[in-house]
K.L.:
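First the structure, which I've put down as structure tokens, then a few questions once you've had a look.
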Amino acid sequence: MADTTGNTTENAAHEPPPMRKASWKYIGPGIVVAATGVGAGDLVATLIAGSNFGYTLLWAAIIGCLVKISLAEAAGRWHLSTGRTLFDGWAGLGRWTTWFFAVYVVVWGFVYGAAAMSSSALPLQALFPDVMGLKWWGIACGLVGLVFVWFNKYAVFEKVMTVLVGVMFLVTVYLAIRVTPNIPDAFAGLLPVLPDEKDSILNTLGLIGGVGGTITLAAYGYWVNAKGWTDTGWMKVMRLDNRVAYATTGIFVIAMLFVGAELLHSANIAIASGDKGLIQLGDILEDEYGTATAKFFLIGFFATSFTSLIGVWHGVSLMFADFVARLSGKGQAKGEEVASGTRERSWPFRAYLLWLTFPPMILLFEGQPFRLIILYGVLGAAFLPFLAGTLIWLLNSSRTPREWRNGPLSNAMLAVAGLLFLVLCVKQVWDQPWGEFF
């Protein structure tokens, strides 16, 4: 009798956790990754694509969402199937991954901090032009983001992100309806056709690759754990959550493509690349539809930029805290530790928050150093090929339980993603003015 009981207990310990039914009530990390991944720069890139090519590249924007679904799903599947964090998986592939991440997270974070603060400041200065200058608005946004992430755990962070995503959704969908899209032309844009212009292939690849996030795709697994999802019982929930993330991203991107095609392409209006292009769009909207529409758009612009700021402040700080914990020799980094909230209270998490906030303020006053910007561009372009390649490696090896390893579709999607981002990385490296670097 005792033996039977002992065996039953032992077997129960090795039984897989019950599979939870995918339900909308659990959705959360997907909203966070969608909000963080779609920044002002992504919206401008899509606007410019719409203004240059009309609806022709609508299909490319949708493929971009599908590619990012595969990457985020793979990251989440690694966390849930192994119980280990993504950096713990990277560390098992060799010391080169540690060096790459260390250089990336320091340089990228320094430059991104300034970019995120500037992007959040632009719509605020446009809304309240007489209050203070752009640099001071940027500093204010950085400090608000720091205080908010420092004193709040994931649950509060997710709720605030959800509210801001709701604002983004209302604004982008309203604008798409307001410009009265040409539905037949939009459906025609679903056919995979390249524009008949110079560099059309690279422009198309750039639009596919620019839909929704870089390092935030890797942060998705950490947000999944922070939500309390730490085992395979949450796999169906995670997959639904991930699809919701990129369906939301797709709506944002398609809506802005509609705006670019109808408002800019038809009138042959060009806007600047980067965040200032959205300020120009605000002026155009005011001329076309009045002050109220322009103000509404600027509120959406702020929501888009500020969600990217606080999303990176939280998600990449979680990754950095995990990175430091793994380097300190504490053994395998477990998802349960992220779920417990101890990472959000750790000194590495808060140290990286400070790194994202205060040193970049120097760049707000002195401009961005030329060499640093080149390194930032190259490292940023190299991260997604790194992510796709390492996920293929991890999820086809014995490090992942057999039933959760990649199937043919996952391998194909990750391979396509890796090749796509490798081409874009090579182009980014090639386009840098290296002669002026040395």
K.L.:
Check whether any side-chain heavy atom of Thr36 sits under 4.5 Å from a side-chain heavy atom of Met161, and report yes or no.
P.N.:
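The answer is yes, as the side chains (C-beta and beyond) meet within the 4.5 Å cut-off.
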K.L.:
With side chain to side chain contact (heavy atoms under 4.5 Å, CB included) as the criterion, how do Phe323 and Thr98 come out once you've worked through the C-alpha distance, each side chain's angles and the decisive distance to 0.1 Å?
P.N.:
CA-CA 8 Å; Phe323 167 71; Thr98 300; 3.7 Å; yes
K.L.:
Compare all side-chain heavy atoms of Phe148 with those of Val156 and state whether any distance is below 4.5 angstrom.
P.N.:
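They are in side-chain contact.
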K.L.:
How long is the span from the OG1 atom in Thr216 to the NZ atom in Lys68, to the nearest 0.5 Å?
P.N.:
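It is 7.5 Å, given to the nearest 0.5 Å.
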K.L.:
Tell me if the centroids of the rings in Trp96 and Phe386 come within less than 6.0 Å of each other.
P.N.:
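Aromatic pair counts; centres sit under 6.0 Å.
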K.L.:
Any side-chain to backbone donor/acceptor pair from Arg343 onto Glu337? Under 3.5 Å, distance only.
P.N.:
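No.
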K.L.:
Checking side-chain polar atoms at under 3.5 Å, does Trp313 have a donor or acceptor matched by the opposite partner on Thr357?
P.N.:
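Yes, because at least one side-chain N or O of Trp313 sits under 3.5 Å from a partner of the opposite role on Thr357.
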K.L.:
With side-chain contact (heavy atoms from CB on, under 4.5 Å) as the test, pick out the partner of Phe302 among Val167, Thr307, Leu124, Val171.
P.N.:
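Running side-chain contact (heavy atoms from CB on, under 4.5 Å) over Val167, Thr307, Leu124, Val171 with Phe302 returns exactly one hit, Leu124.
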K.L.:
Hey, are Asp322 and Tyr222 close enough side-chain-wise for a donor-acceptor pair under 3.5 Å?
P.N.:
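The criterion, which ignores hydrogens and geometry beyond distance, is satisfied for Asp322 and Tyr222.
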K.L.:
For Glu158, which residues count as a side-chain hydrogen bond (donor to acceptor under 3.5 Å, both in side chains) partner, sequence neighbours excluded?
P.N.:
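Result, side-chain hydrogen bond (donor to acceptor under 3.5 Å, both in side chains) vs Glu158: Tyr154, Lys227.
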K.L.:
Roughly how far, to the nearest 0.5 Å, is CE of Met256 from CG of Leu43?
P.N.:
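Answer rounded to 0.5 Å: 5.0 Å.
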K.L.:
Measure the acute angle between the ring planes of Trp90 and Phe383, then classify it against the limits of 30° and 60° as parallel, tilted or perpendicular.
P.N.:
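Rings of Trp90 and Phe383: perpendicular, over 60°.
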K.L.:
Between the side chain of Asn242 and the main-chain N/O of Ile69, is any donor-acceptor distance below 3.5 Å?
P.N.:
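Yes, the answer is positive, given that a donor and an acceptor are paired below the 3.5 Å cut-off.
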K.L.:
If I compare all heavy atoms of Ala60 with all of Thr204, which pair ends up nearest, and what's the gap?
P.N.:
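Here Ala60 and Thr204 meet closest at CB-CG2, 3.8 Å.
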K.L.:
For His79, what residues pass the side-chain hydrogen bond (donor to acceptor under 3.5 Å, both in side chains) criterion, not counting sequence neighbours?
P.N.:
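By the side-chain hydrogen bond (donor to acceptor under 3.5 Å, both in side chains) rule, His79 matches Asn225.
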K.L.:
With rounding to the nearest 0.5 Å, note down the distance linking CG in Leu420 to CG in Leu384.
P.N.:
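Answer rounded to 0.5 Å: 9.0 Å.
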K.L.:
Enter the distance from Leu217:CG to Leu71:CG here, rounded to the nearest 0.5 Å.
P.N.:
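Reported value, rounded in 0.5 Å steps: 5.5 Å.
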K.L.:
Any donor-acceptor pair under 3.5 Å linking the side chain of Ser328 with the backbone of Ala325?
P.N.:
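The answer is yes, because a donor-acceptor pair under 3.5 Å joins these two groups.
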K.L.:
Side-chain contact test, heavy atoms from C-beta onward, threshold under 4.5 Å: evaluate it for Arg84 versus Trp78 and give yes or no.
P.N.:
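In contact.
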K.L.:
Hey, does the side chain of Thr400 reach the backbone of Arg405 with a donor-acceptor pair shorter than 3.5 angstrom?
P.N.:
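Answer holds: no.
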K.L.:
Please find the pair of heavy atoms, one from Leu278 and one from Phe297, that lie closest to each other, and give the distance.
P.N.:
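The answer is O-CE2, 3.1 Å.
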K.L.:
Determine, step by step, whether Leu127 and Trp137 satisfy the side chain to side chain contact (heavy atoms under 4.5 Å, CB included) criterion, reporting the C-alpha distance in whole Å, the side-chain angles of both residues, the deciding distance to 0.1 Å, and the verdict.
P.N.:
CA-CA 11 Å; Leu127 284 166; Trp137 275 119; over 6 Å; no
K.L.:
Side-chain contact test, heavy atoms from C-beta onward, threshold under 4.5 Å: evaluate it for Leu66 versus Tyr246 and give yes or no.
P.N.:
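The answer is no; the side chains never approach within 4.5 Å.
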K.L.:
With sequence neighbours left out, which residue pairs that include part of residues 51-62 fulfil the side chain to side chain donor-acceptor pair (under 3.5 Å) condition?
P.N.:
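Residue pairs passing side chain to side chain donor-acceptor pair (under 3.5 Å), neighbours aside: Tyr55-Glu262.
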K.L.:
Report yes if some heavy atom in the side chain of Val193 is under 4.5 Å from a heavy atom in the side chain of Phe53; otherwise report no.
P.N.:
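SC-SC contact between Val193 and Phe53 ruled out.
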K.L.:
What pair of heavy atoms forms the shortest contact from Val106 to Trp355, and how long is it?
P.N.:
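Shortest heavy-atom contact: O-NE1, 3.1 Å.
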K.L.:
Tell me whether Phe100 at atom CZ has more than 12 heavy atoms from other residues, nucleotides or ligands lying less than 6.0 Å away.
P.N.:
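It does: Phe100 CZ has more than 12 such atoms within range.
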K.L.:
So which heavy atom on Pro181 is nearest to which on Ala176, and how close?
P.N.:
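Minimum heavy-atom contact is CD-O, 3.0 Å.
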K.L.:
Calculate, to the nearest 0.5 Å, the distance between atoms OG1 and CG belonging to Thr390 and Leu414 respectively.
P.N.:
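Between atom OG1 of Thr390 and atom CG of Leu414 there are 9.5 Å.
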K.L.:
Got a donor-acceptor contact below 3.5 angstrom from the Ser118 side chain to the Ala114 backbone?
P.N.:
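Yes; at least one donor-acceptor contact below 3.5 Å.
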K.L.:
List the atom of Thr82, the atom of Pro401, and the distance in Å for their closest heavy-atom pair.
P.N.:
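Answer, listing the atom of Thr82 first, then Pro401: CG2-CD, 4.0 Å.
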K.L.:
Contact between Met319 and Val105 at the side-chain level, heavy atoms closer than 4.5 Å - yes or no?
P.N.:
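They are not in contact (no side-chain heavy atoms under 4.5 Å apart), so the answer is no.
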K.L.:
Walk me through whether Val67 and Phe421 qualify under side chain to side chain contact (heavy atoms under 4.5 Å, CB included).
P.N.:
CA-CA 10 Å; Val67 166; Phe421 296 124; 4.1 Å; yes
K.L.:
When rounded to the nearest 0.5 angstrom, what is the spacing between CG in Leu146 and CG in Leu353?
P.N.:
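Output value for this atom pair is 6.0 Å.
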K.L.:
Can any side-chain N or O of Asp241 pair as donor or acceptor with the backbone N or O of Gly30 at less than 3.5 Å?
P.N.:
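Yes.
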K.L.:
Can you check whether Trp234 and Tyr26 have ring centres sitting under 6.0 Å from each other?
P.N.:
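Yes, the ring of Trp234 comes within the 6.0 Å limit of the ring of Tyr26, centre to centre.
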K.L.:
Taking side chain as C-beta onward, heavy atoms only, is Val259 less than 4.5 Å from Leu281?
P.N.:
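Touching, per the 4.5 Å side-chain cut-off.
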K.L.:
Between Ile48 and Leu264, is there a side-chain heavy-atom distance shorter than 4.5 Å?
P.N.:
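No. Closest side-chain heavy atoms not under 4.5 Å.
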K.L.:
Restricting to non-hydrogen atoms, name the atom on Ala415 and the atom on Ile392 that form the minimum distance, rounded to 0.1 Å.
P.N.:
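Heavy-atom minimum between the residues: N-CD1, 3.8 Å.
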K.L.:
Apply side chain to side chain contact (heavy atoms under 4.5 Å, CB included) to residues Leu356 and Ser317 and explain how you reach the verdict.
P.N.:
CA-CA 9 Å; Leu356 283 167; Ser317 296; 4.0 Å; yes
K.L.:
Does a sphere of radius 6.0 Å around CZ in Arg399 hold more than 12 heavy atoms from other residues, nucleotides or ligands, not counting ones at 6.0 Å or beyond?
P.N.:
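More than 12 within 6.0 Å, yes.
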